[in-house]
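Note: hydrogens, waters and symmetry copies are ignored here, and every other heavy atom, side chains too, is used. A note on names: the letters A, B, ... follow the listed sequences, proteins ahead of strands, and every chain is numbered from 1.
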Amino acid sequence: MSKKEREPLFSLKNLRLISGPINKGNPVTVLVLGICSALAVTVKLKPALVMGISVMVVLAFSNVVISMMRNLIPNRIRIIVQLVVISFMVIVVDQILRAYLFDVSKQLSVFVGLIITNCIIMGRLEAFALGNKPWQSFLDGIGNAAGYSLILVIVAFFRELLGSGTIWGYPVLEKLGLYKIGYENNGLMILPPMALITLGVIIWIQRSKNKDLIETK
Amino acid sequence: MEHIFNIFIKSIFINNMVFAYFLGMCSYLAVSKTVKTSTGLGIAVIFVLGITVPLNYTLNKYLLEPGALSWISKDFADVDLSYLSFIIFIATIASMTQLVEMIVERFAPALYAQLGIFLPLIAVNCAILGGSLFMQQRDYDTVWQATSFGIGSGVGWFLAIVALAAIREKIRYSNVPAPLRGLGITFIITGLMGIAFMSFMGIKL
């Protein structure tokens, strides 16, 4: 452990911890983690972004806490300890959202609470924070949550644009005059199943660009 | 007051956990490779939802809700502990799955051999915590309503995972475009199944 005395804070290896999960190690499209909430909050851009930021805060800080305690936690009860740390973070985030962003908090409804059982968080705590130092774990948390948020924002962008004709609440299609020539919003995009199909298409595009991600049977 | 049977049917078909709220997606995608294992997981989910939802309902009613503590004395009437609900619910779920696992192992070894590996997995299944949180949000009147909601959601989840597993067993023989293979096509199938399930929305109960 004492070989590298002081590694620079943003060394190449540390930066890779952030950039990796955004594309090739993306938690949603490659590792299939955290799908539950990824789909339910993507009707509009705003709740999707708020959800992404909430997950980032929870993941980064619980990664740091677990990483600091990693030598103290008995192996047998580590799941319970992790759940307690995560739920503490989620309660803090939930209270902040209720105080400052009440309307978004209403839209997200139970899905803020469901960050607790979001598999990304458990997965990163188990796979990374239990074996690495706090700073690296912090970066890993930020990177993974960024990958997650990226997918959320892409899905939400298409669903909001095609479903409601707006971007961030701004009526883009109306200003372009598309409604005058007979264009109608696709109501199907707002309904839950289209989130799955949008995500399926995103995976399709990503995998046809990166051939090595293709699953072999 | 809503009839128990209505709540049951509604939570299976109309407000299906998977197709309407995407809950329990992670294990839904990971374990749905064969019909046999997904049946095991589905039964375990029904079981745990049927136990934890009424239990959390009772806790919510007599401990967490604003004014819930008034049964102790009048002084506690304006105590609001609802910010603790996440931690209480997840603790109940984690300990109940552990307890159920121990009981099943002791008294029904044959069932344990089938369900055993899935029970610990369930503690972190979003469908279970989601069930409790929806129960809290919808504010059911009696514990029986909450129970029928819990079991109904479990049955809905069971139907969804078994149906997907059956389709995935068949799709192995078809020629899917290479980048879509595995995860991609599974998402699209789930989406199409969701559209089919939407036809239940018109039913008025």
### Task
Assign the ring pair B:Tyr21 / B:Phe134 to parallel, tilted or perpendicular, where the plane angle (0 to 90°) is split at 30° and 60°.
tilted
### Summary
From the list A:Arg159, A:Glu160, A:Met194, side-chain contact (heavy atoms from CB on, under 4.5 Å) with A:Thr42 holds only for A:Arg159
### Task
Check each of B:Ile188, B:Thr186, B:Leu183 against A:Ile203 using the side-chain contact (heavy atoms from CB on, under 4.5 Å) test, and report the only one that passes.
B:Leu183
### Query
What heavy-atom pair brings A:Ala145 and A:Met56 nearest, and what distance separates the two atoms?
CB-CA, 3.3 Å
### Heavy-atom contact with chain B under 4.5 Å, split by part of A:Ile202
neither
#### Entry: Under 3.5 Å donor-acceptor, A:Asn144 side chain and A:Asp140 backbone
yes
### Task
Against chain A, label B:Leu29 side chain, backbone, both or neither, depending on which of its atoms sit under 4.5 Å from a heavy atom there.
side chain
#### Entry: Centroid-centroid distance, B:Tyr140 to B:Phe149, less than 6.0 Å
yes
#### Entry: Heavy-atom contacts under 4.5 Å, residues 190-198 of chain B to chain A
B:Thr190, B:Gly191, B:Leu192, B:Gly194, B:Ile195, B:Met198
### Query
With no hydrogens and no angle check, is any side-chain donor or acceptor of A:Asn132 less than 3.5 Å from a backbone partner on A:Phe128?
yes
